Amino acid sequence: MEVINRYITIKHHVDGAPQDSDFELKSSPLSLSLEPGSDEVIVKNLYVSIDPYQLNRMKSYSSSQESSAYAVAITPGEDIDAYGVGKVVASGNPKFDKGDIVSGLLKWGEFTVVKPGGMLNKLDPMGFPLSYHAGILAFSGLTAYAGLFEICKPKKGEKVFVSAALGSVGNLVGQFAKVFGCYVVGCAGSKEKVALLKEKLGFDDAFNYREETDLKSTLRRYFPDGIDIYFDNVGGDMQEAAVSNMNINGRIAVCGVISEYTDREKRAAPSMIDVVYKRIKIQGFLAGDYLNLFGDFLSTTCDHLRTGKIQPLEDISEGVESIPSALINLFRGQNIGKKIIKIAEQ
Ligand code: NAP
């Protein structure tokens, strides 16, 4: 049987904020029967993840493209890989059977042909919706868990600040830190997001950074006794303000610097005198380096979901054609929680 596989590509490199005109929906015929002897797996994509780092892959140059296998440059016109969940429709690989539900590195499209050695695993949904396995129970969740517990090593009662706090990673950092026993303040880009952080997710406090004119004094207001842990999703002037409000022996996990992804001028220049004299540890990290924690992360997060200690926060759009606007809107702050595209019904 042959289908028409629709997928998203970029028309050219994208060096500023992404726009609709940067993307193209392409289609090509795909046979769903494998050649005899083939060891490929054909997956019907069900859910794919939308993540800010994809923009760094689309640039004509970003140092990230050379530093990690997860961030290699995307060639204009070619299909784009992304984490997701799917269903096997044909398999020449003895590890997979037709009908298996799988997760791994798929494509921003309707089908993925996974070559031998590609990242693909059978998935046990454990009673949770499949979409959770593209976000909260996958890399977004692992990023929050590893960054908070391995990089920041919180102690009960410590004061934690999270930026992009209603995003995919940020909301979980705040929720994990609350369950652990920390005092947590988040910032986000609208009144509605601030209300959700406090009322739905149980953050101790939250503020809209877009309404603030002097971020150093804003943070002083929210943390009169200083910040012990800053989970940095945005970089830029928020990172500078956080450093100047850190306590002695404070820890900063640099998870991402989204404010820089669309504007190189936003690069943070925190006070190094503060870093030295307050003995602040600032550490970048990649979730992919912490796969050894995946088992612990998964069982802890599943328990918290089952007991209601953690609320899932998903923002799901439908159809392959909605992928470009979903990515564009991450940089406009229009997502609430984990942005996922539902490509097809199971
Ligand atoms: P996300 O937070 O779900 O979405 C991005 C959010 O960032 C937006 O909703 C927006 O919320 C905020 N934002 C966008 N442009 C901004 C700007 N110029 N200044 C301040 N805030 C801005 O995305 P995510 O997947 O959770 O990723 C968050 C960060 O973690 C990103 O920097 C990403 O690259 C990084 N990350 C790192 C790893 C890793 O392994 N290190 C893994 C996953 C993600 P507002 O309404 O608050 O503006």
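In each ligand, atom 1 is the first atom listed, and ligand 1 is the first ligand listed. Computed from a predicted model, the values in this text were never measured in an experiment.
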- Query: Closest approach of Asn247 and Ile280, non-hydrogen atoms and distance?
  - Reply: O-CG1, 4.4 Å
- Pick one of side chain, backbone, both or neither for how Pro52 approaches ligand 1, counting any non-hydrogen atom pair under 4.0 Å. side chain
- Query: With a cut-off of 4.0 Å, which atoms of ligand 1 are near a heavy atom of Gly256?
  - Reply: 32 (O), 35 (C)
- Note on the structure: Of all protein heavy atoms, the one nearest atom 4 (O) of ligand 1 is Asn335 ND2, 3.3 Å
- Query: Is the backbone of Ile50 close enough, under 3.5 Å, to the side chain of Trp108 for a donor and an acceptor to pair up by distance?
  - Reply: no
- Message: Measuring from atom 11 (O) of ligand 1, which candidate in Gln54, Lys193, Glu192 has the nearest non-hydrogen atom?
- Response: Lys193
- Task: Pick one of side chain, backbone, both or neither for how Asn233 approaches ligand 1, counting any non-hydrogen atom pair under 4.0 Å.
- Result: both
- Using a heavy-atom cut-off of under 4.0 Å, does the side chain or the backbone of Phe139 touch ligand 1, or both, or neither? neither
- Note on the structure: When rounded to the nearest 0.5 Å, the distance separating NZ of Lys338 from OH of Tyr47 is 14.0 Å
- Side chain, backbone, both or neither: which part of Met238 comes within less than 4.0 Å of ligand 1 when only heavy atoms are counted? neither
- Item | Within-cut-off N or O pair, Tyr209 and ligand 1, under 3.5 Å | yes
- Proximity of Leu330 to ligand 1 by residue part, where a heavy atom lies under 4.0 Å: both
- Message: Please check this pair: side chain of Lys278 against backbone of Ser244, looking for a donor-acceptor N/O pair closer than 3.5 Å.
- Response: yes
- Message: Side chain, backbone, both or neither: which applies to Val257 and ligand 1 if a contact is any heavy-atom pair less than 4.0 Å apart?
- Response: backbone
- Note on the structure: The option among Ile258, Asn329, Val169, Leu313 carrying the non-hydrogen atom nearest to atom 13 (N) of ligand 1 is Ile258
- Message: Check whether Ser68 reaches the backbone of Ser64 with its side chain - one donor and one acceptor, N or O, closer than 3.5 Å.
- Response: no
- Given salt bridge (Lys or Arg N to Asp or Glu O under 4.0 Å), test Lys159 with Asp205 step by step and report yes or no. CA-CA 11 Å; Lys159 305 218 164 25; Asp205 218 331; over 6 Å; no
- Could you check which of Phe331, Phe231, Phe285 puts a non-hydrogen atom nearest to atom 41 (N) of ligand 1? Phe285
- Is a side-chain donor or acceptor of Glu110 paired with a backbone partner of Asn45 at a separation under 3.5 angstrom? no
- Query: Any idea which of Tyr290, Tyr53, Tyr261 brings a heavy atom closest to atom 34 (O) of ligand 1?
  - Reply: Tyr261
- Task: Report, in ascending order of atom number, the atoms of ligand 1 lying under 4.0 Å from any heavy atom of Arg210.
- Result: 48 (O)
- Nearest-neighbour protein heavy atom for atom 47 (O) of ligand 1, which is reported as residue plus atom name and distance: Gly189 N, 3.0 Å
- For Ser131 and Glu314, work out which heavy atoms get closest and say how close. OG-OE2, 2.7 Å
